[in-house]
*Asks:* 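After the structure tokens below, expect a handful of questions from me.
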2 protein chains.
Amino acid sequence: MGAKLGQNNVKGEQTKNAILAAAEQLFAESGYRGASLANIAERAGVTQSGLLHHFNSKDELLVAVLEQHNRDDDALLIGPLSMGGVDVITGLRELIVQNSENRVSVRLFAVLVAESTSVDHPGHDYMKARYDRLRNRLVGALSIGIQRGEIRADADLEVLASALIALMDGIQLQWIYNSQVDMGAAFDLVASALVQSMTGGATAA
Amino acid sequence: MGAKLGQNNVKGEQTKNAILAAAEQLFAESGYRGASLANIAERAGVTQSGLLHHFNSKDELLVAVLEQHNRDDDALLIGPLSMGGVDVITGLRELIVQNSENRVSVRLFAVLVAESTSVDHPGHDYMKARYDRLRNRLVGALSIGIQRGEIRADADLEVLASALIALMDGIQLQWIYNSQVDMGAAFDLVASALVQSMTGGATAA
DNA sequence: AGTACCCGACCTTGTGGTCGGTCGGCATAT
DNA sequence: ATATGCCGACCGACCACAAGGTCGGGTACT
């Protein structure tokens, strides 16, 4: 016993990653329901049985894909959020532009977020929690702007955060259908307008 | 032949509508792939065979649902678009608030738009065309604002339209997950900022 | 008599998942 | 060193089942 170094890993970890990558692609293309374990396994260079050896069920595979992307997302968010205040908004623009290099990733979440609206969908809770987390973080980062006096104190940060997230999600959807759509420009347009109005003193209506 | 009054209608049209309504609900809940003909038929009070009598295939049923909603959408868009100019934006706000009374309808499109990103999805072409149509109409209605001098002549209306549509789509998604999300407020926030910045003369960076 | 409506039985295909087993490497006892 | 035992990786055959769709017929209205 002692060392318990049984985990040979290396080989197993490789194919596991291959499966994860294949699953990511196919879930992004066809959604969770539309992608079959057989397809995923094939693309990963394994049989379906081989796949099931590493992930006990399709649900489990989904969760694994989600968790992996979760970590990536967190890493990407550190930058924009660390700025705090109004810069958060311009930071999000960077994020969206970076994302445009990552078609699969964008598509993965755009597709799964919508598919997971069904309460019985295996990704439902995850997505719901993700929205809450995103909003909370954004609100936190934006509130620094109020302390600094960059943002009007009476601004409703919850609503602002929701709007920003909505804009990102929505523009990504259009971009998937037509890559001519300029995500950066669209975000810039409302971001600059937003900054302008949040810093100024004018109150709507 | 002659009169070709074969279409008894009345009864058939009723069940046909019942099927359409059931399909709308289930597609909205579970998406196209997630909803089964058997479920839809059951909710409509018919057997699966009975359903297939009125719609020859699942694809055909989807198209029928889409087309029906297409007409409704057009009717709803007449108001906001007829205003022209900046008022189009405030008009869209009305639309979004009205939509909040219509959970199924909102959900239907939010779910199907994402699911239809797969090129082989039966709703793909429709959704792609829908985006183009929406953008074009919006651009047309907004361009009136330039003529009137309400909107800066150098404004990129394509981008503006994309951003507005994105905002609507995105906020609806969040609303599905959490009906606490205030769609009207979120839209107002960026709408007012947008109007303020489009009418003013300041040019972004 | 004809036609629209609708059902039940049936078929095919694809699905997620199980089960038993093979192969190869590593650790220990000898 | 070599044999033994064990475990992780992986496959092929198989299964239960639900999916969309076909077909033949029955019923009722006109």
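First the proteins, then the strands, lettered A, B, ... as listed; each starts at 1. What you see is a predicted model; the values in this text were computed from it and never measured.
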*Asks:* Expressed as a whole number of angstroms, how long is the span from A/Arg33:CZ to D/dA18:C1'?
*Replies:* 15 Å
*Asks:* Rounded to whole Å, please give me the gap between CD1 in A/Ile19 and P in D/dA9.
*Replies:* 10 Å
*Asks:* Nearest whole angstrom, please: distance from the P of C/dG17 to the CG of A/Leu52.
*Replies:* 6 Å
*Asks:* Which whole-number value in Å describes the distance from B/Asn56 CG to C/dA4 P?
*Replies:* 14 Å
*Asks:* May I have the distance from B/Phe55 (atom CZ) to D/dG20 (atom P), rounded to whole angstrom?
*Replies:* 15 Å
*Asks:* Please name all residues satisfying ring pair (Phe, Tyr, Trp, His ring centres under 6.0 Å) with B/Tyr177, sequence neighbours left out, ordered by chain then number.
*Replies:* A/His124, A/Tyr131
*Asks:* Find every protein N or O atom lying less than 3.5 Å from an N or O atom of nucleotides 10-15 of chain D, and list the pairs.
*Replies:*
unit_1: D/dC10; atom_1: OP2; unit_2: A/Thr15; atom_2: OG1; d: 2.9
unit_1: D/dC10; atom_1: OP2; unit_2: A/His54; atom_2: NE2; d: 2.4
unit_1: D/dC11; atom_1: OP2; unit_2: A/Thr47; atom_2: N; d: 3.1
unit_1: D/dC11; atom_1: OP2; unit_2: A/Thr47; atom_2: OG1; d: 3.0
unit_1: D/dG12; atom_1: N7; unit_2: A/Ser49; atom_2: OG; d: 3.3
unit_1: D/dG12; atom_1: O6; unit_2: A/Ser49; atom_2: OG; d: 2.6

*Asks:* Does a side chain donor of either B/Arg107 or A/Ser118 reach within less than 3.5 Å of an acceptor in the other side chain?
*Replies:* no
*Asks:* Would you mind classifying the nucleic acid contact of B/Ala41 as base, sugar-phosphate or nothing, using non-hydrogen atoms under 4.0 angstrom?
*Replies:* nothing
*Asks:* Name all residues meeting the ring pair (Phe, Tyr, Trp, His ring centres under 6.0 Å) criterion together with B/Phe27; count only those two or more places apart in sequence or in a different chain, and write none if there are none.
*Replies:* B/Tyr32
*Asks:* Are A/Arg133 and A/Asn70 close enough that some pair of their side-chain heavy atoms sits under 4.5 Å apart?
*Replies:* yes
*Asks:* With a 4.5 Å heavy-atom cut-off, do B/Ser36 and B/Asn39 have their side chains touching?
*Replies:* yes
*Asks:* Output the rounded distance in Å from CG (A/Leu62) to P (C/dT15).
*Replies:* 16 Å
*Asks:* Starting at atom CG of A/Asp59, determine the distance to atom C1' of C/dT15, rounded to an integer number of angstrom.
*Replies:* 14 Å
*Asks:* Can you check whether B/Val86 reaches B/Met198 side chain to side chain, under 4.5 Å on heavy atoms?
*Replies:* no
*Asks:* Between atom CD in B/Gln14 and atom P in C/dC6, what is the gap in whole Å?
*Replies:* 10 Å
